[in-house]
Number of protein chains: 2
Amino acid sequence: MVTLRDVARAAGVSLATASRAMSDAPHVSAANRAQVARAAESLGYRPHPAARALTTGSTGTVGLVVPDLANPFFAAVAKGVQARARETGREVLVADTDEDVTVEPDVITRLGDRVDGLVLCSPRLPADRLGPLLAAADGPVALVNREAPDAPSVSFDIADGVRQALDHLRALGHDVVAYAGGPRSSWSDAERRTALARLSTGTTGDAVLDLGSFRPTHGGGVQAADLALAAGATAVLCFNDLVALGVLARLHARGVATPADVSVVGFDDVAAASLVTPALTTVAVPLARAGRVAVDLLAGGSPEPEHRRLSVELVVRASTAPASPAVTDSRPLSTDPEVAIR
Amino acid sequence: MVTLRDVARAAGVSLATASRAMSDAPHVSAANRAQVARAAESLGYRPHPAARALTTGSTGTVGLVVPDLANPFFAAVAKGVQARARETGREVLVADTDEDVTVEPDVITRLGDRVDGLVLCSPRLPADRLGPLLAAADGPVALVNREAPDAPSVSFDIADGVRQALDHLRALGHDVVAYAGGPRSSWSDAERRTALARLSTGTTGDAVLDLGSFRPTHGGGVQAADLALAAGATAVLCFNDLVALGVLARLHARGVATPADVSVVGFDDVAAASLVTPALTTVAVPLARAGRVAVDLLAGGSPEPEHRRLSVELVVRASTAPASPAVTDSRPLSTDPEVAIR
DNA sequence: TTGTACGCGTTATCAG
DNA sequence: CTGATAACGCGTACAA
């Protein structure tokens, strides 16, 4: 291994001068600066991260905690974090909690010792458990997709997304729209619900049906679809795209046409949303952007935590269409054995 | 910050003894060991990773390099790496090259300085560029989903997967099966092709049509589907599930029924494969397992690099069925405006 | 502007 | 079994 001492020797200067030259510090003659640079280059010198961390206290690393790397939502955020960190010369240490909120404190402390700051995606950790966690963290923490008073955060303008979706559906003539909600402990589900509540008390008097809470997965959507049908909804707004995809699949399996019979709207605009048939109408959310912003938030050492809210946009695709008479359970199931329900 | 010195002081022993006690080293009296443990516990002592790394030379960190974190294939591998690293008390530093092989050398050296070993997923880096890269790496490197003479690797029994898929298709009566290949520079595509070549010179004389190389994405599948139809194939085996999903979508859009008219087989068994309609028949590949094995391979300091090949299994779902008379371009397009081609 | 010397927190070596 | 003490590689007061 080639150390700074080797570089200094080769350049004919002292260790201190070499150090200053490498870190572009002032008080170094142009000649020496060039000498050192040349020596470092030719020797293939690379500073030892641990040694640097030991003296400076900064590791050049950001941590990322997500519930599930295989979930396209978090994968997209991770890409953004990754990209921004790399641009700013930092590396990213990633931890997947496997959807288990009980391990989060441990993961956070373990990671916390090795990083300069932490990007935390923990949609389902109860608010009262989040506070202590933030307090225990020694470095800066940036929250993604949720807000809290004590930490900077980047989230999305969910209320506006819900509004756009509802406007779209109502313009299409849907009076009975149902909401397939996410986990009760989810901050962003709460956001959707309050937005929905505010929007459904409008002058038109249209209310939106609460189908309940579902696991934020394909399976959750399957359950929600049955309930939506039973309730006679002509449109269903989903907690996220995974749920929407499940609704789509279940509707298809039960012989209900989408969007002819019922319209479906998702949330997030995950990659799969545009690839499925029919392509999903969904509220596009700048996931990667959020990841990038989160790492920038780590640096901002303002006293008051900064809360950035990114705007969202409804993407209309093929899963929504003008309302037709309600479809209920009395509708005959398909006789095609491929799609029939036993 | 509480250091080991504080612990030693509190326990009434020297720094050296405290160090030994903490690292479960021998030559420490049971009494002192307990004292130190108690002191560390009550003070909330956590060893400083950088300091430890500086002296030991080991960082307790493994690196992971992938082309795209948002690709479900790599996301699954990443989960495995993550899980195994955590189990063994290590953290993982992840780098996403964004499918750009030209940045890989840089990424690898940057990461290499901070980790004890590197798990490298680089399916498309040309073999002649991989060799030098491995030579330049200072720590151990484990390859995932490709093999090379100079590094340990974990890959899949692709030949057997292809065989299983082909057997399945032939048993269903498909004489004309087409292969929608992946990138030419891909090691695993080459594996599929040689397996295919060996299998198609059998006594039956059935050959498999080579549709060409496609981008390993949904879009690639769309292109492949048109070619498969033009060639009159009754079944198409795809490079991976993303391609297969593209084929499925395109077939549907062109009014060709799956699996009634043409069967489709994927590769990898990514999560989406079982969620789509019709559910995809595909060769399941233990992605997460591979990730776990890869981190274990890093530790094994054998002189000869170890090459582990994981077995795969065809999962028969709804996208394959007995062959029907070939469908060609002469077949009338659907008149349903939803699916018609302009 | 340059060099010397100390400290960062740990582990490891060597006497006791 | 225990305790000083010397590294590890680098940044940085302080002195020159």
Side-chain angles (χ1 to χ4, degrees), chain A residues 1-40 43-61 89 91 109-110 112-116 138-139, chain B residues 1-37 39-40 43-61 89-91 109-110 112-116 138-139:
Chain A
M1 155 173 259
V2 36
T3 76
L4 189 58
R5 169 171 262 104
D6 301 323
V7 174
R9 190 161 10 221
V13 301
S14 81
L15 201 58
T17 303
S19 174
R20 283 188 280 257
M22 289 307 294
S23 32
D24 288 317
H27 305 304
V28 178
S29 73
N32 276 342
R33 200 180 292 277
Q35 278 298 326
V36 171
R38 197 163 312 126
L43 291 182
Y45 168 74
R46 275 144 23 196
H48 194 300
R52 191 195 293 258
L54 191 55
T55 47
T56 64
S58 164
T59 60
T61 299
E91 305 297 330
T109 56
R110 276 181 50 175
D113 291 335
R114 314 183 146 272
V115 302
D116 295 337
D138 23 34
Chain B
M1 154 172 260
V2 36
T3 77
L4 188 58
R5 168 170 262 103
D6 301 325
V7 175
R9 190 161 11 225
V13 300
S14 79
L15 195 57
T17 302
S19 174
R20 282 189 281 256
M22 289 308 293
S23 33
D24 287 318
H27 306 303
V28 179
S29 73
N32 276 344
R33 201 180 292 276
Q35 278 297 327
V36 171
L43 292 182
Y45 167 73
R46 274 146 22 197
H48 193 301
R52 192 194 289 257
L54 190 56
T55 46
T56 63
S58 164
T59 60
T61 299
R90 286 172 285 181
E91 305 297 330
T109 56
R110 275 181 51 176
D113 291 335
R114 312 181 148 276
V115 302
D116 294 337
D138 23 34

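Order of the sequence lines sets the chain letters (A, B, ...), proteins ahead of strands, with each chain counted from 1.
- Projected onto DNA chain D by closest heavy-atom contact, B:Arg5 and A:Leu4 fall at different nucleotides, the more 5' of which corresponds to B:Arg5.
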Show the atom names and distances, to 0.1 Å, of all donor-acceptor pairs under 3.5 Å that link a side chain in residues 12-30 of chain A to residues at least two apart or in another chain.
residue : atom : partner : partner atom : Å
A:Ser14 : OG   : A:Ala16 : N            : 3.3
A:Ser14 : OG   : A:Thr17 : N            : 3.3
A:Ser14 : OG   : A:Thr17 : OG1          : 3.3
A:Ser23 : OG   : A:Ser19 : O            : 2.6
A:Ser29 : OG   : A:Asn32 : N            : 3.1

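- Taking both residues in full, the closest heavy atoms of A:Val2 and A:Tyr45 are given as O-CD1, 3.4 Å, listed atom of the first, atom of the second, then distance.
- The outermost nucleotides of DNA chain C lying under 4.0 Å from heavy atoms of chain B, listed 5' to 3', are C:dG9 to C:dT13.
- In terms of heavy atoms, A:Ala39 sits closest to A:Val7 at CB-O, 3.8 Å.
- Heavy-atom contacts of chain B under 4.0 Å fall on DNA chain D between two terminal nucleotides, which in 5' to 3' order are D:dC1 to D:dG9.
- Rounded to 10°, the angle separating the first-five-pair axis and the last-five-pair axis of the helix from C:dT1-D:dA16 to C:dG16-D:dC1 equals 40°.
- A:Arg33 comes within 4.0 angstrom of no nucleic acid atom, judged by non-hydrogen atoms across all strands.
- With salt bridges taken as basic N to acidic carboxylate O contacts below 4.0 Å, one links B:Arg46 and A:Asp138.
- Between atom OG1 of residue A:Thr55 and atom CG of residue B:Leu54 there is a gap of 9.0 Å, rounded to the nearest 0.5 Å.
- Using a distance-only test at 3.5 Å, with no hydrogens or angles considered, a donor-acceptor pair links the side chain of A:Thr59 to the main chain of A:Arg114.
- Scanning residues 20-30 of chain A for heavy-atom distances under 4.0 Å to DNA chain C yields A:Arg20, A:His27, A:Val28, A:Ser29.
- Rounded to the nearest 0.5 Å, atoms CE (A:Met1) and CG (B:Asp113) are 6.5 Å apart.
- DNA chain C is contacted by A:Leu54, A:Thr55 of residues 49-58 of chain A, taking any non-hydrogen atom closer than 4.0 Å.
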